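Reckoned from all heavy atoms, side chains included, excluding hydrogens, waters and symmetry mates. Computed from a prediction, not measured in an experiment: that's the story for all the values here.
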Amino acid sequence: MKGINEEQLYIYFLETIDSCGGFLLECNDEKIGYLIFEVFDINVRTFFYSDTLTKLLSKRMISQDIYHKAIATRDLYLSIEDTSLWSISGVRESTIWKEIFDLCDDIRTQVNAH
């Protein structure tokens, strides 16, 4: 992550949580596909990575709770890659996706309350 300061990392962190959540279930398939499999897919790998989150935590830009929820989100997301859940129907119907959405919604709520 050379060249990206903590403020920019935080902006990308926010972009990550803003591209995933329960709100997606009200979106059409095209929007879900774009937000999950393009925006969130790229961002969750980088901006929910432990080193990135540690930088944000050390600058007190996120809390310990947000740190742990972001790690859990990333781990869950990566665990379903290349499975039958890696689809629009999986996003709409799976309890794992609901858990990912709930984690992102919780993080967003905590960030907005901060």
Could you give the distance from [atom1] ([X]) to [atom2] ([Y]), rounded to the nearest 0.5 Å?
| X | Y | atom1 | atom2 | value |
| --- | --- | --- | --- | --- |
| Leu35 | Phe23 | CG | CZ | 5.5 Å |
| Phe13 | Leu53 | CZ | CG | 6.0 Å |
| Ile17 | Leu14 | CD1 | CG | 5.5 Å |
| Glu99 | Leu76 | CD | CG | 4.5 Å |
| Asp18 | Cys104 | CG | SG | 9.5 Å |
| Glu6 | Ile11 | CD | CD1 | 12.0 Å |

What class does the angle between the rings of Trp86 and Tyr77 fall in, given that below 30° is parallel, 30 to 60° is tilted and above 60° is perpendicular?
tilted
Can you tell me if [X] has over 12 outside heavy atoms packed within less than 6.0 Å of its [atom1]?
| X | atom1 | value |
| --- | --- | --- |
| Tyr34 | OH | no |
| Glu7 | CD | yes |
| Tyr49 | OH | no |
| Glu30 | CD | no |

Any donor-acceptor pair under 3.5 Å from [X] side chain to [Y] backbone:
| X | Y | result |
| --- | --- | --- |
| Ser19 | Val39 | no |
| Ser87 | Ser84 | yes |
| Trp97 | Leu85 | yes |
| Thr54 | Ser50 | yes |

Step by step, would you call Arg92 with Ile32 a side-chain contact (heavy atoms from CB on, under 4.5 Å)?
CA-CA 9 Å; Arg92 291 194 180 282; Ile32 290 172; 3.3 Å; yes
Side-chain heavy-atom pair [X], [Y] within 4.5 angstrom cut-off:
| X | Y | result |
| --- | --- | --- |
| Thr83 | Ile80 | yes |
| Thr73 | Phe40 | yes |
| Phe47 | Leu56 | no |
| Thr52 | Tyr12 | no |
| Leu78 | Arg45 | yes |

To check you understand the geometry: which heavy-atom pair defines the closest contact between [X] and [Y], and what is its length?
| X | Y | result |
| --- | --- | --- |
| Asp105 | Gly22 | OD2-N, 3.1 Å |
| Gln110 | Asp65 | NE2-OD2, 2.6 Å |
| Cys20 | Ile36 | SG-CD1, 3.9 Å |

Basic-acidic side-chain contact under 4.0 Å: Asp51, Lys55:
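A salt bridge is absent here (no side-chain N lies under 4.0 Å from a carboxylate O).
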For residues Phe48 and Ile42: do they belong to one hydrophobic cluster (side chain heavy atoms under 4.5 Å, members Ile, Leu, Val, Met, Phe, Trp, Tyr)?
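They do not share one cluster, since no chain of ILVMFWY contacts under 4.5 Å joins Phe48 to Ile42.
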